[in-house]
Every structure is written in C-alpha cells, then in structure tokens.
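Just below is one structure, and these are the notes that go with it.
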Amino acid sequence: MNHQQKNTDRHKGDYIPFWLDKERSEMLTRITISERRSKSEIIRRFIDMGLKGEGYRPDDEHLQQIIKEAVYEIIQPQINRLASISAKAANIDAASFFLLTYVGRLMLPPSDRRLVDEAAENARRLGIEYLKLRKDRSLDEFIRAGVEELRNTESEEGTYL
C-alpha cells in the first residue's frame with residue numbers, strides 16, 4: 001500500500017494543495033509549534049471558524065445569538081410599552097389616593113383634619129422614599145422601617161398601632 005493510499009483511507013477527504021505568502025506561512029508555523037498540532041489541523045480549524053463566522057456552516061452558538069437578537073428586537077417595544085403602562089398606573093394610583101384623602105378630609109370636622117393631613121403627608125413621603133428604593137434593598141425591610149417609624153410617631157402622640 002503506497003503513502004497516498006494510506007492518507008486517502010485515513011482521512012477520506014480531498015487533498016487540496018494551496019500556496020501561502022511568507023508572512024502567513026511563518027504565522028502558521030508559529031501556531032503549529034505553540035499548539036503542538038499539524039498545519040493541516042490548524043488550517044481546517046481556521047476554515048471551520050471562517051465558515052461559521054460567515055454563516056455558511058451552522059453553529060449552535062451563532063444560531064442561538066441570532067435568535068436572541070431577533071427575539072429581543074421583537075419583544076423590546078412591548079417591554080417598553082408595559083413599563084409605560086405600569087408607570088401610568090402608579091400615577092393614577094397616587095392621584096386616586098390623594099383624591100380620596102381630600103374627599104375624606106372634607107367629611108371630617110375641622111378639628112380632626114390635622115390627623116388626615118399628617119397621614120397624607122407621611123404617605124406621600126413614604127411613597128417618594130419607596131420610588132427611590134435601591135434594588136438591593138428589600139421591600140419587606142422598607143415596610144418594616146416605615147411601620148416602626150409610624151409606631152414611634154404615634155407613641156409620641158399617645159396613640160398606638
């Protein structure tokens with residue numbers, strides 16, 4: 001069995017001779033030495049990388065990235081719309097609270113309106129603090145601190161939660 005027949009049996013592929021300029025040839029030699037692989041292995045790997053990079057050969061990671069980008073492009077406007085709706089709902093809720101407080105205040109005798117005014121002011125202040133709440137701070141921690149502050153305020157005034 002001759003040498004060419006051994007290579008054909010072993011690789012079952014096409015033999016493709018080609019020329020490299022001196023600079024690329026020297027670079028290929030350095031790579032083969034550093035990776036301890038044959039020039040053929042290195043060239044095949046670079047061809048595969050080029051085919052995948054240009055989209056000629058399917059690559060799971062490349063295909064996955066294309067799908068992610070397409071889904072993001074489609075879903076991003078809906079995410080922005082939901083965020084806008086959520087912000088509008090928060091504004092409507094705040095307006096509703098203050099309108100109800102205003103109407104309730106009008107129903108009370110003038111001597112009791114001060115308590116409603118203080119409660120509304122505390123609610124407004126806590127709402128503003130909540131909106132400034134850092135992402136790493138727990139909502140439960142925030143509510144607990146607010147309740148504790150209300151207890152302290154009420155105990156100073158003589159009423160208790």
Side-chain angles (χ1 to χ4, degrees), residues 1-101 118-155 161:
M1 188 184 292
N2 66 23
H3 179 51
Q4 190 171 1
Q5 189 175 7
K6 284 182 186 177
N7 280 341
T8 307
D9 290 342
R10 184 173 45 184
H11 295 296
K12 302 283 186 200
D14 291 337
Y15 174 73
I16 303 173
F18 64 94
W19 292 99
L20 289 175
D21 60 45
K22 186 175 180 166
E23 182 181 334
R24 286 190 179 103
S25 179
E26 289 172 356
M27 191 179 302
L28 182 61
T29 300
R30 286 193 302 271
I31 293 170
T32 58
I33 291 169
S34 69
E35 294 189 16
R36 295 184 181 138
R37 295 177 184 252
S38 71
K39 285 184 179 182
S40 294
E41 288 177 292
I42 301 297
I43 291 169
R44 281 191 293 273
R45 188 180 79 205
F46 286 146
I47 289 172
D48 285 342
M49 289 168 56
L51 291 173
K52 287 177 185 177
E54 295 295 320
Y56 293 116
R57 177 178 248 179
D59 178 8
D60 288 343
E61 290 176 18
H62 182 66
L63 184 59
Q64 196 174 33
Q65 184 63 31
I66 291 171
I67 291 169
K68 281 181 182 179
E69 289 171 4
V71 168
Y72 180 81
E73 186 176 319
I74 291 168
I75 207 166
Q76 188 59 39
Q78 281 71 17
I79 291 171
N80 292 339
R81 176 114 173 93
L82 288 172
S84 175
I85 290 169
S86 178
K88 286 178 184 177
N91 289 338
I92 290 168
D93 286 345
S96 175
F97 169 78
F98 286 108
L99 284 174
L100 286 172
T101 302
E118 287 176 8
E121 179 56 32
N122 283 337
R124 185 188 70 76
R125 186 179 49 74
L126 285 172
I128 291 170
E129 285 180 27
Y130 173 73
L131 292 175
K132 294 178 183 177
L133 191 63
R134 292 187 327 263
K135 289 181 182 180
D136 64 339
R137 189 168 167 208
S138 161
L139 179 59
D140 290 336
E141 177 187 326
F142 174 77
I143 292 171
R144 216 177 355 266
V147 168
E148 187 63 34
E149 185 177 328
L150 287 174
R151 283 188 179 145
N152 291 339
T153 302
E154 289 179 353
S155 65
L161 275 179

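All figures in this text were calculated on a predicted structure; none of them were measured in a lab.
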Starting at [atom1] of [X], measure out to [atom2] of [Y] and round the result to the nearest 0.5 Å.
X     : Y     : atom1 : atom2 : answer
Ile92 : Leu99 : CD1   : CG    : 11.5 Å
Ile33 : Leu28 : CD1   : CG    : 10.0 Å
Ile31 : Phe46 : CD1   : CZ    : 4.0 Å

Are the side chains of [Y] and [X] in contact, using a 4.5 Å heavy-atom criterion?
X     : Y     : value
Arg45 : Ile42 : yes
Asp93 : Phe97 : no
Lys39 : Thr29 : yes
Lys88 : Ser84 : yes

Would you indicate whether [X], at its atom [atom1], is surrounded by more than 12 heavy atoms from other residues, nucleotides or ligands within a distance under 6.0 Å?
X     : atom1 : result
Ile75 : CD1   : no
Gln76 : CD    : yes
Glu69 : CD    : yes

Kindly give the heavy-atom pair with the smallest separation between Ala120 and Thr101, and that separation in Å. CB-CG2, 3.6 Å
Salt bridge flag under 4.0 Å for residues Glu121 and Arg124: yes
Indicate whether any N or O donor in one side chain lies under 3.5 Å from an N or O acceptor in the other, for Glu118 and Asn122. no
